[in-house]
Each structure stands twice: as structure tokens, then as C-alpha cells.
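Comments concern the structure below.
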Amino acid sequence: MKAGFLFDSDLCVACKACVSACSLENGFLTGTRSLYQYNKDMLSTLSVINLSLACNHCNDPLCLTGCPAGAYRRDETYNAVIHDVSKCIGCSFCTWRCPFDAPKMNVQKRHIEKCNMCLNRLAEGLKPACVTACPTGALKFSQNDLFISNSSLIPQTAIKPSLSVSGRGRDFKQEEYPETDNDYVSHSDETFSLLKREWSLILFSILVTITSGFTIGRISDHNGSNIILSLSLLLIALSVSVMHLGKKERAWRAFLNLKSSPLSREIAAVTLFFFSLTAEALFSFSLPVITVSMAVLTLITIDMVYISVDKSVTLLTHSGHTLVSALLIASFFTHSVKFFALITFFAVASSVFREGKAKSENCGLLLFFLRQLLLILPLIIMLYWPRLMFSLGTVVML
């Protein structure tokens with residue numbers, strides 16, 4: 001048996017009683033249940049469709065498998081996916097992974113809030129608060145085998161959400177969920193918001209990429225890398241990464257899900273990389289093979305975090321991958337012109353490939369061409385101003 005919600009869009013009147021009931025019952029501040037509306041202006045040429053959506057308690061929950069702290073569990077009685085606030089580190093990784101936007105970050109309490117199927121009410125023989133509050137019966141709760149093989153109108157049906165959407169309108173358009181917000185948000189506003197919200201993660205990735213690039217460069221120049229500089233950059237990166245957590249005192253829990261969480265594996269790889277560099281700095285013996293291996297492993301795990309979230313084929317050849325960036329840094333500061341040219345060609349080609357599949361606005365195209373220029377400019381310096389390149393490499397690698 002699997003428990004879940006049944007929703008009939010024809011009966012929903014968009015009163016949002018279910019949304020309010022969810023927040024009041026659980027004391028949530030983030031609105032864990034949402035009401036999406038298609039054709040909310042009720043144009044006569046389109047169907048009016050509403051969708052009440054919270055957590056779908058999936059058969060293969062990406063929030064549970066991806067959580068580095070092990071803050072999620074599966075309830076044995078109702079098969080519900082439950083989030084334990086006392087174990088949450090506030091990393092927000094589950095909000096990246098979930099395709100339904102079910103987990104929400106409470107910025108005031110610095111932890112995740114998510115639908116728990118009102119287990120306390122179910123234990124008393126009551127229905128979930130959202131179902132009880134629905135005045136038209138559009139939202140129901142059921143426990144049967146229907147959800148095992150039920151097909152859903154929601155994207156990514158492979159994870160089989162326990163949500164059944166029914167609608168009998170003649171012009172029922174299932175591909176319209178959820179409706180795109182009509183409010184225009186410029187690319188620059190989105191970029192600024194991202195930088196403000198995720199500055200620690202961005203700085204962490206940049207510092208680790210630079211450090212890894214210096215370390216990989218030691219393959220061709222064993223004595224040309226400054227261990228102290230690399231170690232200092234990596235130490236700053238580790239310190240900055242903790243700033244992203246809502247519960248910094250629980251940072252140690254990030255290692256608890258190495259088996260299935262890409263984020264846990266990333267943190268473990270960076271830590272091993274740091275210890276490898278520390279051993280070289282303290283004991284004055286060189287372990288280039290081990291340290292370089294740790295650097296490459298770290299870059300791969302960082303990339304896998306984003307690949308696990310995006311699941312895009314084009315992301316596999318993304319020129320912004322940390323591995324690609326680190327190889328560019330390594331080849332530049334070790335004066336490997338041919339290898340740098342090869343990686344640059346790959347980076348530019350992959351960017352053109354991705355741009356050809358995307359619909360960019362003027363601002364996006366400007367940033368695209370600027371990025372290609374920044375990729376090609378170092379190659380031009382290496383080819384036509386080798387002395388400048390040599391000076392830069394010598395200063396950094398000393």
C-alpha cells in the first residue's frame with residue numbers, strides 16, 4: 001500500500017484553503033503547499049485549470065537520496081518521505097534536486113520545511129489538514145495500490161509521484177503545468193540575485209578550481225607550484241563553504257551520506273585533497289601522483305553535483321565545468337600552448353553547441369560573445385606575447 005493525494009482539477013475553485021491549512025497545521029512559514037493556476041484570467045479560448053501541489057512522496061525521492069546529512073527518511077506505514085529538522089544542515093541541496101519544488105528553505109529558521117503528510121493527524125485517524133480544509137472535495141487522500149502504476153501529468157514521471165491529476169475539460173492541456181510567471185525578470189536581475197544568494201558556493205568553486213589547476217600543473221613542473229599558496233586557497237575555500245549552511249554547527253553531518261549524495265562525495269573529496277596538500281606542506285615530501293589524483297577527483301565530484309541536479313546532456317560538455325577550467329589554468333601557467341589550445345577549442349565548441357540549442361536574448365548573446373573572448377584571449381597571449389605569459393606563470397607558480 002502507498003498513501004498519496006488525489007486531485008480533481010475540475011472541482012478546484014482556487015480558494016487556497018489547502019495552502020492556508022498546511023501552513024497553520026504545521027507552523028510552516030514557506031508555503032509548502034502551492035496552488036498553480038493556468039488561465040487564471042479565465043480567457044474563453046482556454047481551459048481554466050488549477051493544481052494544488054505539495055510533496056509527492058515519490059517512489060524514488062531525489063531529496064532523500066541526495067541529502068548529505070541524512071535528514072530524510074521513509075515512513076514505513078504510509079510510505080511518506082519525512083524531513084527531520086533536527087538533522088537538517090540547511091544546505092538547500094534538496095531544493096535543487098526536487099523537480100516539484102516541494103522542499104522550501106525557511107531563511108528565518110535556517111532549515112528546510114516540507115509536507116509530512118500530516119503523520120500526526122493520520123495517527124489519530126484524521127485526514128491531512130489540506131484535505132480536510134478543501135471545501136469542494138477537489139483534494140483527497142487515499143491509501144491503495146493506484147499510485148504504484150499511476151501515470152502523472154507532472155514532469156519527470158519516472159520518479160512516480162503519488163499525485164493523480166484528473167480533469168474532464170474538452171481542452172484539457174496537461175503540458176501547461178506549472179504556468180510560467182508572466183512577470184518579466186531580466187537576465188541581469190537573475191544574475192545579481194544568484195550572486196547575492198550563492199556567493200559562498202561560487203567563491204568556493206572558483207578557489208577550488210584555481211587550486212586544482214595549480215596542482216595539476218605540477219605534472220609537467222614538479223617544483224613550480226607553491227604548496228603554501230595552494231593550501232591557503234583551499235583552506236579559505238573550505239571556510240567559505242560553511243557560510244552557505246543554515247546550521248553551521250551541524251556541518252559535520254555533511255559526510256553522512258557518501259553512498260548516494262553527490263554533495264557528500266564532493267565535500268569528502270575536497271577534504272582529502274586538503275589533507276594531501278597539508279601532508280606535503282608539513283612533512284616536506286612530494287606526493288604529486290596522489291595530490292593530483294585528489295585534485296582531479298575533487299573537480300569531478302563538484303561537476304557531478306551540478307550534473308545530478310540539471311540532468312542535461314549538454315551539461316556534460318559544458319565549457320564552464322570546473323575540470324575544464326582547471327585544465328585551462330594548469331596548461332596556461334605551465335606554458336603548455338598546444339594543450340591549452342586543445343582545451344580552449346573544446347570549451348568554445350561546447351559553448352557554441354549549447355548556445356545553438358538555447359533561445360538567448362540580447363543580453364544573453366552579449367555575455368555569450370564576451371565569454372568566448374575571455375576564453376580565446378589567453379590563447380592569443382600565449383601565442384603572440386609569450387614573455388607576458390611566462391611572467392604571469394612564474395609569479396603565480398613560484
Side-chain angles (χ1 to χ4, degrees), residues 1-7 16-36 51-134 138-144 146-148 150 152 154 159-165 246-247 250 253 256-257 260-261:
M1 287 290 184
K2 180 175 174 61
F5 297 101
L6 291 170
F7 179 74
K16 297 187 178 182
C18 56
V19 176
S20 299
C22 178
S23 297
L24 292 173
E25 174 68 25
N26 298 284
F28 291 150
L29 300 178
T30 53
T32 55
R33 178 167 285 278
S34 302
L35 184 70
Y36 297 98
L51 172 62
S52 178
L53 184 62
C55 178
N56 295 328
H57 303 279
C58 309
N59 286 348
D60 181 20
L62 298 181
C63 56
L64 188 152
T65 56
C67 178
Y72 287 86
R73 65 179 177 85
R74 174 79 76 179
D75 176 70
E76 296 181 358
T77 303
Y78 295 97
N79 212 30
V81 179
I82 306 301
H83 175 260
D84 189 340
V85 173
S86 65
K87 297 179 179 179
C88 181
I89 62 176
C91 66
S92 299
F93 188 52
C94 56
T95 66
W96 296 9
R97 297 260 294 180
C98 178
F100 308 109
D101 195 29
K104 302 288 177 61
M105 183 66 186
N106 187 326
V107 294
Q108 296 182 14
K109 296 183 178 180
R110 298 176 298 157
H111 63 231
I112 292 296
E113 294 179 344
K114 191 190 77 68
C115 165
N116 55 26
M117 207 181 278
C118 290
L119 285 185
N120 57 327
R121 292 175 60 88
L122 294 178
E124 298 175 2
L126 302 174
K127 296 178 181 179
C130 57
V131 174
T132 303
C134 182
L139 188 63
K140 296 182 176 66
F141 178 79
S142 178
Q143 188 176 13
N144 51 51
L146 169 67
F147 303 107
I148 303 298
N150 179 60
S152 172
I154 312 302
I159 63 175
K160 297 180 179 178
S162 56
L163 179 78
S164 176
V165 182
K247 300 291 183 179
R250 300 176 188 168
R253 296 191 60 87
L256 297 183
N257 194 11
S260 61
S261 175

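Worth knowing before you read on, the calculation uses all heavy atoms, side chains too, and leaves out hydrogens, waters and symmetry mates.
Checking side-chain atoms of S261 against main-chain N and O of G66 turns up a donor-acceptor pair under 3.5 Å. A donor-acceptor pair under 3.5 Å is absent between the side-chain atoms of E25 and the main chain of C118, judged by distance alone. Put simply, the side chain of N26 never gets that close to the backbone of F28: no donor and acceptor are under 3.5 Å apart. Judged by distance alone, with hydrogens and angles left aside, the side-chain atoms of N79 form no donor-acceptor pair with the main-chain N or O of A3 at under 3.5 Å. With hydrogens and angles disregarded, a donor-acceptor distance shorter than 3.5 Å links the side chain of N106 to the backbone of Q108. Although no hydrogens or angles enter the test, the distance criterion places no donor-acceptor pair under 3.5 Å between the side chain of R97 and the main chain of C63.
Judged as a ring-ring contact (aromatic ring centres under 6.0 Å, His included), and not counting sequence neighbours, the contacts of Y72 are H83. For S20, the side chain to side chain contact (heavy atoms under 4.5 Å, CB included) test picks out no residue, with sequence neighbours left out. V19 is linked by a side chain to side chain contact (heavy atoms under 4.5 Å, CB included) to K16, R33, L35, counting only residues two or more places apart in sequence or in another chain. Taking the side chain to side chain contact (heavy atoms under 4.5 Å, CB included) definition, one finds that A17 meets it with C15, A133, P135, sequence neighbours left out. In terms of the side chain to side chain contact (heavy atoms under 4.5 Å, CB included) criterion, residue partners of K247 (sequence neighbours excluded) are, by chain and number, R110, H111, E249, R250.
For the atom pair SG (C88) and NZ (K109), the distance works out to 12.5 Å, reported to the nearest 0.5 Å. Rounded to the nearest 0.5 Å, atoms SG (C91) and CZ (R253) are 11.5 Å apart. Summarising the geometry, atom CG belonging to L6 is positioned 9.5 Å from atom CZ belonging to F141; distances are rounded to the nearest 0.5 Å. Taking CG of L62 as the reference point, atom CH2 of W96 lies at 15.0 Å (rounded to 0.5 Å). Here S260 contributes atom OG and L64 contributes atom CG; the two are 7.5 Å apart, rounded to the nearest 0.5 Å. In this structure, L139 CG and C130 SG are separated by 4.5 Å, a value rounded to the nearest 0.5 Å.
T32 is not listed as a side-chain neighbour of S23, based on a closest heavy-atom distance of 4.5 Å or more. Side-chain contact check for P103 versus I112: some heavy-atom pair is nearer than 4.5 Å. Between F5 and S52 the shortest side-chain heavy-atom distance does not fall below 4.5 Å. Looking at heavy atoms from C-beta onward, K140 lies out of side-chain contact with K127 at the 4.5 angstrom threshold. In this structure, the side chains of K104 and S34 come closer than 4.5 Å at one or more pairs of heavy atoms. T65 is listed as a side-chain neighbour of D60, based on a closest heavy-atom distance under 4.5 Å.
In terms of heavy atoms, P128 sits closest to M117 at CG-O, 3.8 Å. The two residues K114 and C55 make their nearest non-hydrogen contact at NZ-SG, 3.1 Å. Between L119 and Y78, the closest heavy-atom pair is CD2-CD1, 3.8 Å.
Applying the salt bridge (charged side-chain N to carboxylate O under 4.0 Å, His left out) definition to pairs two or more places apart or across chains, none involves residues 68-95.
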